[in-house]
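See below for the structure under consideration.
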Amino acid sequence: MMITNLKQPTICFTNPDIFRQKSQLPTSKFASFSPKIHQKSNLLIQKPLYLSNFDVIKGLGDDNNIFLLKKSRKLVKKCDAYEADRSQPIEPEIPSEASKKIKIGIYFATWWSLNVVFNIYNKKVLNAYPYPWLTSTLSLAMGSLIMLVSWATRIAEAPSTDLDFWKALFPVALAHSIGHVAATVSMSKVAVSFTHIIKSAEPAFSVLVSRFFLGESFSSGVYLSLIPIIGGCGLAALTELNFNMIGFVGAMISNLAFVFRNIFSKKGMSGKSVSGMNYYACLSILSLLLLTPFAIAVEGPQMWAAGWEKALSDIGPNFIWWLVAQSVFYHLYNQVSYMSLDEISPLTFSIGNTMKRISVIVSSIIIFRTPVQPVNALGAAIAVLGTFLYSQAKR
């Protein structure tokens with residue numbers, strides 16, 4: 001481009017696009033600026049330029065009107081333009097492996113912490129108020145209430161369910177109710193640590209039920225892992241100082257019920273698009289409806305009222321807080337565990353469940369000062385190790 005008018009005292013470039021000619025300016029030259037100025041007679045010849053950001057400093061002489069141009073020191077942000085056929089879509093950012101591990105770690109830490117707190121308050125309530133059927137019902141009622149309020153206030157999105165969903169959920173809820181109340185009955189009779197040691201034998205029940213009722217076969221490693229599980233639980237039970245047959249049987253029934261719960265859930269709920277949080281909420285509501293009439297038949301309002309007065313007189317108002325806390329934390333820890341299934345594999349969940357039992361056993365022994373013999377501790381360690389080997393063998 002040529003500038004031939006030399007009579008103007010000032011030249012202002014307000015739109016640099018007038019200097020651009022597509023045929024002369026390939027894209028590869030946009031980033032460079034190397035002006036070459038040649039003066040012949042009274043004519044200033046300038047080759048085509050791409051002006052980025054310049055300031056006029058001073059005009060020298062009224063006749064020549066030659067301008068000194070100084071490149072601005074302001075930072076010019078590079079703008080890239082793409083033709084339609086060359087543009088590329090922005091790919092979504094893929095979470096790194098480290099962020100995934102952190103997320104899983106947060107799930108596990110929350111899950112274990114809530115479970116430990118629940119077991120502590122649950123045991124305190126049962127020591128002062130030995131009515132496991134009512135306390136089991138209240139924990140389900142609290143969880144149902146929390147979720148109903150969350151759906152009504154739109155804090156959580158309500159699930160879209162139909163009659164087929166609730167029919168498939170019914171056997172799951174029945175098994176969940178039995179397993180929940182059986183575990184609570186066990187904790188009302190024995191130490192929390194002993195209940196969880198026996199409940200660590202759940203993989204053995206899972207293998208046996210799947211093998212003899214469903215005809216599934218497993219690898220030799222899975223069967224071998226059952227030896228330390230059964231042996232460790234047996235050793236811990238024989239050496240338990242506060243052994244109680246009702247407590248032992250309750251924990252065993254809980255294992256069996258939860259195995260069937262998992263089987264029914266896997267068979268009946270396949271293809272149902274409900275999130276983990278809402279799935280457990282629906283499970284709590286249906287389990288509450290199933291458990292309430294049995295709780296009334298087994299214990300009844302008269303026993304509850306008498307026990308309530310005694311607990312308030314012995315403990316005071318703190319008993320009400322214990323009862324609310326155990327109900328709330330029961331729902332929260334189960335809800336987090338079901339939510340974690342949306343993010344992790346079943347194998348990782350199984351390993352996390354094993355580590356959860358270790359945290360509950362150790363914390364309950366420390367808080368309640370449960371006397372533990374060395375042989376009893378060895379049996380618990382062997383059972384937990386067998387559970388971990390089981391989860392690895394099923395990989």
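Note: hydrogens, waters and symmetry copies are ignored here, and every other heavy atom, side chains too, is used.
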My understanding is that only residues two or more places apart in sequence, or in another chain, count here; which of them pass side-chain hydrogen bond (donor to acceptor under 3.5 Å, both in side chains) with Ser210? none
Heavy-atom distance under 4.5 Å between the side chains of Leu126 and Pro132, does that happen here? yes
For His176, the option from Leu283, Asn262, Leu291, Leu286 that meets side chain to side chain contact (heavy atoms under 4.5 Å, CB included): Leu283
Verdict with reasoning, Thr184 to Ser136, per side-chain hydrogen bond (donor to acceptor under 3.5 Å, both in side chains): CA-CA 7 Å; Thr184 309; Ser136 300; 3.0 Å; yes
Aromatic plane relationship, Tyr333 with Tyr330 - under 30° parallel, 30 to 60° tilted, over 60° perpendicular: perpendicular
Is any side-chain heavy atom of Lys199 closer than 4.5 Å to one of Met252? no
Taking atom types as modelled, find out whether Thr195 and Ser186 have a side-chain donor-acceptor pair closer than 3.5 angstrom. yes
Which atom pairs, one a donor and one an acceptor, fall under 3.5 Å between side chains of residues 294-311 and the rest of the protein, sequence neighbours left out?
residue: Glu299; atom: OE1; partner: Leu134; partner atom: N; Å: 3.1
residue: Glu299; atom: OE1; partner: Trp304; partner atom: NE1; Å: 2.7
residue: Glu299; atom: OE2; partner: Trp133; partner atom: N; Å: 3.0
residue: Lys310; atom: NZ; partner: Asp314; partner atom: OD2; Å: 2.9

Between Glu202 and Ile229, is there a side-chain heavy-atom distance shorter than 4.5 Å? no
Ring centres of His180 and Phe258 under 6.0 Å apart? no
Are Phe118 and His331 an aromatic pair, judged by ring center distance below 6.0 Å? no
Separation of Phe205 CZ from Leu226 CG (nearest 0.5 Å): 11.0 Å
Walk me through it: do Trp166 and Phe170 pass the test ring-ring contact (aromatic ring centres under 6.0 Å, His included)? CA-CA 6 Å; Trp166 293 101; Phe170 178 83; over 10 Å; no
Applying salt bridge (Lys or Arg N to Asp or Glu O under 4.0 Å) to Arg261 and not counting sequence neighbours gives none
My understanding is that only residues two or more places apart in sequence, or in another chain, count here; which of them pass side-chain hydrogen bond (donor to acceptor under 3.5 Å, both in side chains) with Tyr121? Trp321
Take a 6.0 Å sphere around CD of Glu157 and say whether it holds more than 12 heavy atoms from other residues, nucleotides or ligands. no
Please go through Leu145's hydrophobic cluster and name the other residues, only I, L, V, M, F, W, Y counting, with side-chain heavy atoms under 4.5 Å joining them. Val149
Just list the side-chain donor-acceptor pairs under 3.5 Å for residues 372-385, sequence neighbours left out, or say none.
residue: Asn376; atom: ND2; partner: Ala236; partner atom: O; Å: 2.7
residue: Asn376; atom: ND2; partner: Thr239; partner atom: OG1; Å: 3.3
residue: Asn376; atom: ND2; partner: Glu240; partner atom: OE1; Å: 3.3

